[in-house]
Amino acid sequence: MNQLLICNVCGHEDEFKPETVCPTCFGPLEVKYDYEAIGLAVSRETIAARPANMWRYRELLPNIGEGLPDTPVGWTPLIRAHRLGEQFGMSNLYIKNDAVNFPTLSFKDRVVAVALAKAVDFGFKTVACASTGNLANSVAAQASRLGLKSLVFIPDNLEPQKISASVCYDTQVIKVSGNYDEVNRLCTEISYREEIAVVNVNLRPFYSEGSKTVGFEIAEQLDWRLPDQTVVPMAGGSLISKIGKAYGELQKVGLVEVKEAAIFGAQASGCAPISTMVQSGGDEMVPVVPDTSIKSLAIGAPADGPRASKVIHNSGGWAEDVTDEEAIAGITLLAQSEGIFAEAAGGVTVAVTKKLLEQGRLDPDATTVICVTGNGLKTADLISSQTENLPTIEAKYSSYRSYINTTKEVDYVGTN
Amino acid sequence: MSAQIEFLGPLKQLVKSSDPIEISSPNVGAALTQLNDTYPDLTNRLLAENGTLHSHINIYINEVDIRLQDDLLTSVSSGDQLTVISAIAGG
């Protein structure tokens with residue numbers, strides 16, 4: 001189908017190219033779709049008949065020239081959260097669990113799949129990214145599978161688990177002195193000076209479209225209904241913006257009924273420029289210097305922040321932020337109630353859901369989806385203190401009985 | 001020694017140059033105004049109607065975002081390196 005790049009600010013249109021900035025006004029470029037044609041070409045039935053991965057929505061993703069990639073990314077579980085719902089007093093709560101996404105256990109696998117497919121289309125041999133961890137993992141993995149060279153740039157204070165989860169691949173991991181914003185600035189400069197596809201810079205218009213598949217899947221998994229309320233973590237602000245776009249596109253092409261679908265943003269209080277902007281109702285986002293251990297959300301100058309704020313306000317949603325301690329409690333609560341071990345961003349999102357409920361901003365009976373975007377193994381150090389005082393018993397049944405009689409919650413205590 | 005300002009990527013077209021340009025101004029805003037004398041339309045393309053920097057443009061002075069300093073009033077000293085670049089921040 002016919003697709004172009006279009007500027008969000010001035011409307012300038014251009015053919016597909018590895019550019020992210022409008023040559024006329026320097027605003028951000030985005031992919032433009034022919035929704036009328038798409039509405040005629042696809043149906044719920046045609047989508048349902050396709051393989052269970054993100055490319056089942058290919059008409060609403062950038063055209064790929066060389067045929068669809070065969071890495072099975074996406075179609076992650078949407079899980080009914082009965083026990084967490086009971087804790088929150090919510091009767092229709094779900095978790096969209098990208099913590100088990102393929103290949104690197106985060107939602108970044110989606111955006112990277114699109115970006116690398118376009119990198120190949122454009123003839124790039126080397127790809128790169130600026131990353132707080134998950135993106136680096138995914139670029140390193142997927143580039144390895146495609147035989148592309150890759151450079152992944154990370155802040156030098158990143159969690160060791162995330163670094164390990166990148167170095168294992170055929171990639172170069174480059175630690176940069178500074179925070180993510182400084183890494184990003186460097187990568188932007190590299191994209192302008194070198195023939196390298198920096199996936200979240202010069203391929204950004206294509207890359208970012210991959211996030212829409214989170215929204216598409218949620219709707220299809222709810223039997224082609226939009227959730228009443230969706231809670232999404234915010235770092236750069238792109239994911240929440242694209243989930244909003246996805247919901248709008250599904251309505252435009254007639255795959256779901258038109259309805260209100262409020263979107264709520266979640267940030268860490270130590271880096272909450274978008275949450276602050278939403279709460280102040282202002283037009284300007286004030287950048288901050290991040291001061292949080294939730295590194296995957298530590299982007300102090302998110303260029304998609306204003307767009308995220310607009311999506312939230314237009315949908316009737318809100319944004320909140322929580323402390324690092326509350327986020328860690330959120331990780332534990334989700335794991336203990338639903339058996340899902342989310343990374344820190346997931347803890348933030350669960351904790352913000354709780355906060356929004358307490359504020360009366362969430363309807364406890366509405367269909368609500370919490371987006372978990374990455375796996376807890378990547379930020380396991382945040383809960384490592386819980387391993388410090390684990391008991392060690394002797395390899396004797398009597399030692400076990402002595403121990404188990406002292407623990408707080410056991411559903412049986414008895415002897416054979 | 002004066003300060004230098006460099007425009008990267010598509011912003012190069014504003015000054016029709018890939019090379020850094022020497023400037024001598026007390027602050028960033030004054031530097032842009034000074035450049036506008038030579039490159040008309042520069043401030044029109046970089047600044048919003050209220051005179052603030054467009055949200056999709058970043059300016060760094062010695063690799064620190066001016067929005068984390070005094071914005072367009074951030075002082076420029078001899079030897080400083082300014083970079084004007086599109087705002088594309090996010091993983």
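Since this is a predicted model, take the numbers as computed values, not measurements. Here is the naming used below: chain letters follow the sequence lines, and residue numbers restart at 1 for every chain.
- When heavy atoms are compared at a cutoff of 4.5 Å, A/T20 approaches chain B solely by way of its side chain, counted from C-beta outward.
- Per-residue counts of heavy-atom pairs under 4.5 Å with chain A were compared for B/I57, B/L11, B/L46; the largest is that of B/L11.
- The shortest distance between side-chain heavy atoms of B/L8 and A/E189 falls below 4.5 Å.
- For B/Q13, the part sitting under 4.5 Å from any heavy atom of chain A is the side chain, from C-beta outward, and nothing else.
- Contact between B/S86 and A/V21 at its shortest, heavy atoms only, is OG-CG2, 3.2 Å.
- A 4.5 Å side-chain heavy-atom check between B/E63 and A/E182 finds every atom pair outside the cut-off.
- The shortest heavy-atom contact between B/H56 and A/P28 is CB-CD, 4.5 Å.
- A distance-only check finds no donor-acceptor pair linking the side chain of B/H54 to the backbone of A/G27 [under 3.5 Å].
- Within a 6.0 Å sphere centred on CG of A/D291, heavy atoms belonging to other residues, nucleotides or ligands number 12 at most.
- Between A/F26 and B/R45, some side-chain heavy-atom pair lies under the 4.5 Å cut-off.
- Contact annotation: the side chain of B/L68 approaches that of A/P287 to within less than 4.5 Å [non-hydrogen atoms, C-beta and beyond].
- Of the residues considered (A/E19, A/E284, A/R193), A/R193 shows the highest number of contacts with chain B, using heavy-atom pairs under 4.5 Å.
- Put simply, of A/V286, A/T24, A/L186, the one with the most heavy-atom pairs under 4.5 Å next to chain B is A/T24.
- More than 12 heavy atoms of other shown residues, nucleotides or ligands fall within 6.0 angstrom of atom CG in B/D70.
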